[in-house]
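Atoms within each ligand, like the ligands themselves, are counted from 1 in listed order.
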Amino acid sequence: MDIYSTRKNNFEHIIKSQQFSTEFLHQFFYKVSQIQQQFKNPTGQVILRQKLANKILFNLFYEPSTRTRYSFAAAAHHMGMQVIGTENAKHFSSAVKGESIEDTIKVLCGYHPDAIVLRHHEIGAAERAAAVSTVPIINAGDGAGQHPTQALLDVYTIFNRLKTLNNLTVLIGGDLANGRTTRSLVYLLAKFKGTNFVFCSPEPLKMLPDLKEHLEENEVSYIEIFDDLHKVVGAADVVYWTRIQKERITDPELDIDALIQKFVIDKQVLSLMKPYSVLMHPLPRNREISVEVDDDIRAAYFEQASNGMYVRMALLESLLK
Ligand code: CP
């Protein structure tokens, strides 16, 4: 079953990065920048608050979240929507009693929300939810699967900073085996002309074969580095760094602290970066980016998180208007 449609960019559900065309992305980023400008003045905020008035968003989060949950809730409020959510659906919903995601979604649709934002611990949960839902499902992260709205805000931030999405060398590092933000970002950036990926990780946490096959099939260039990042960081236009996903690593033999020693971005690494590059991180971070680099002009991760709200406002409007 085709659960989402790319026809005329009218999406029914937001499930994975592959569903977006570059044509859609350019139009969408223009819409985001308009909303961001409009939000700067009080009159603009009043106009935005009318746009989705009387609509209802359900926030259904089975995994912890700060940015995604709050930015969706804030985006919905700023567009005039009502938000209903639970603190922790894994423990405070009937999932505890063994209810399946399909049954939960069918029940929630009976309460007539206009969209459901779903974060779940299982890969494919958003797709399963969409298959039974009568309202749009927005994948806010499905285990180690994908996080497409994060990729939208990441690419929007790159575009804002560098004013182009073509011919970029993008260094992506950290836990590439378990990171859903990196997977979604690679799928999205691979759509743009001349993207050149450098994957930099401890070998046990390297990028999974399916994604590399996707790049090979689409003739997108990439290399992998397993020792340290000093050799490659100077070539990157975008450095996208991520946390080791301890909660998803099942091998007790892996010494995570030892693994990340060579993959920490500090002032010394920063001194090797291009002056007009951009340093990104989906957050939350642990030790992999030192706090000492936060004030550098290239450090974009808090701006990235802030952009998330405008991206989600535009997304809600695109889905629900
Ligand atoms: N980047 C991100 O998804 O953050 P949260 O887990 O806090 O939502």
Side-chain angles (χ1 to χ4, degrees), residues 14-17 20 32 57-78 83 85-93 115-126 129 137-158 160-161 170 172-189 205 238-249 265 278-289 291 294 299-316:
I14 304 296
I15 306 296
K16 55 188 179 182
S17 287
F20 305 116
V32 179
L57 186 71
F58 281 0
N59 257 350
L60 183 60
F61 278 59
Y62 292 80
E63 279 193 335
S65 168
T66 298
R67 277 143 292 274
T68 314
R69 188 160 70 97
Y70 275 87
S71 63
F72 261 115
H77 278 294
H78 289 309
V83 181
T86 164
E87 282 301 309
N88 177 348
K90 198 170 179 182
H91 293 116
F92 297 118
S93 76
I116 299 173
V117 180
L118 174 66
R119 172 167 289 188
H120 201 276
H121 43 281
E122 289 171 10
I123 296 174
I137 296 290
I138 303 172
N139 182 4
D142 58 334
Q146 285 221 21
H147 193 350
T149 69
Q150 176 72 42
L152 289 174
L153 75 91
D154 292 340
V155 177
Y156 176 71
T157 302
I158 295 169
N160 251 355
R161 283 280 184 130
V170 183
I172 299 188
D175 182 353
L176 305 183
N178 299 294
R180 59 192 173 204
T181 64
T182 50
R183 287 179 73 75
S184 285
L185 182 64
V186 170
Y187 275 119
L188 208 55
L189 282 176
L205 302 175
V238 176
V239 176
Y240 190 95
W241 227 238
T242 60
R243 179 177 68 85
I244 304 292
Q245 308 267 307
K246 289 180 188 164
E247 68 277 23
R248 302 196 203 285
I249 293 175
I265 296 191
V278 52
L279 174 59
M280 303 177 71
H281 193 301
L283 303 177
R285 70 172 153 187
N286 294 152
R287 285 194 297 118
E288 65 279 358
I289 295 186
V291 174
D294 287 1
Y301 24 94
F302 291 110
E303 176 185 315
Q304 195 182 338
S306 167
N307 285 343
M309 185 184 81
Y310 304 110
V311 164
R312 288 166 176 138
M313 287 169 81
L315 197 63
L316 289 171

Problem - Residues R248, E63: salt bridge by 4.0 Å N-O rule - result: yes
Handout entry: Ion pair R285/D294, N-O distance below 4.0 Å
Key = yes
Practice task
Decide yes or no for R119 and L60: does some side-chain heavy atom of the first lie under 4.5 Å from some side-chain heavy atom of the second?
Solution key: no
Problem - Any side-chain donor near an acceptor of the partner, N307 and T157, under 3.5 Å - result: yes
Practice task
May I ask you to check whether Q146 and S184 show a side-chain donor-acceptor distance below 3.5 Å?
Solution key: yes
Practice task
List, ordered by chain and residue number, the protein residues whose closest non-hydrogen atom lies under 4.0 Å from any atom of ligand 1.
Solution key: S65, T66, R67, T68, R119, H147, Q150, P282, L283
Exercise for the section: Please state whether the rings of H120 and Y62 are parallel, tilted or perpendicular, taking 30° and 60° as the class boundaries. Expected result: tilted
